[in-house]
Amino acid sequence: PLCSNNNPYASFGATLARDEEQNLWSTPHDVTHTEADDDRVLYNMIVVRNQLDKDSEEWQKLNYDIYTLRQTRKEVRSRWKHILEDLGFQKEADSLLSVTKLSIISDSQNMSKARDILLKLSEETNIFPTSWELSERYLFVVDRLIALDAADEFFKMASTVYPKRPSGDRADESQKAPQC
């Protein structure tokens, strides 16, 4: 038997709860997830928060920061998915955005081009929030877009849908209002 006890599902709920708490990537219970820098930051915040008294100010502040980070990550992923779907990848969008430790760069020669496009996306569009540190996860996604010969179209669409605006621009402020 694969399980030592009689109930093979005994720890199932606990595992899902623990994985959801860590919230690594988009499918937290995927055992092949990559623990990238932003995952470690989130995980460390959760560990520190869980050691604090729930009634304390520090716990409330960390809880808010954890929630904000999770929401930001979901928003960025949603922006990428929206553009992918607009480019015609409705059925493939989720798989294009799925990155695990089993993910590989399709062609090592594409690595510098993927980095350049990712950097250009961060500098010339609002697809990432201002305070966002570039995630290695999206390097894999850009590499996949290069392999599909869709990276340039993705950048053009991102520039159109999420144009870079000066920080004092009113349109930028109205864009932030629904997030609150």
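Residue numbers count from 1 along this sequence.
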Identify, with sequence neighbours excluded, every residue that meets side-chain contact (heavy atoms from CB on, under 4.5 Å) alongside T68.
-> Y64, T72

Hits for side-chain contact (heavy atoms from CB on, under 4.5 Å) against D116, two or more places apart or cross-chain, chain-then-number order -> none

Hey, what's the ring geometry for W80 with F128, parallel, tilted or perpendicular (30° and 60° as the breaks)?
-> tilted

So, for K164 and E123, which heavy atoms are closest and what is the spacing to 0.1 Å?
-> CE-O, 3.3 Å

W59 and K54 have their tightest heavy-atom pair at CE3-O, 3.4 Å

Of all residues at least two apart in sequence or in a different chain, which pass the side-chain hydrogen bond (donor to acceptor under 3.5 Å, both in side chains) check with D65?
-> K61

What closest approach, in Å, do V141 and L96 show between heavy atoms, and which atom pair accounts for it?
-> CG2-O, 3.5 Å

Could you list all the side chain to side chain donor-acceptor pair (under 3.5 Å) pairs where at least one residue sits in residues 139-149, not counting sequence neighbours?
-> S103-R144, S106-D143

Could you check if a side-chain atom of I83 sits within less than 4.5 angstrom of a side-chain atom of F89, using non-hydrogen atoms only?
-> no

Set of side-chain contact (heavy atoms from CB on, under 4.5 Å) partners for T125, sequence neighbours left out = L121, I127, F155, A158, S159

With sequence neighbours left out, which residue pairs that include part of residues 81-93 fulfil the salt bridge (charged side-chain N to carboxylate O under 4.0 Å, His left out) condition?
-> K81-D94

Could you tell me which non-hydrogen atom of P129 sits nearest to which non-hydrogen atom of V76, and how far apart they are?
-> CD-CG2, 3.4 Å

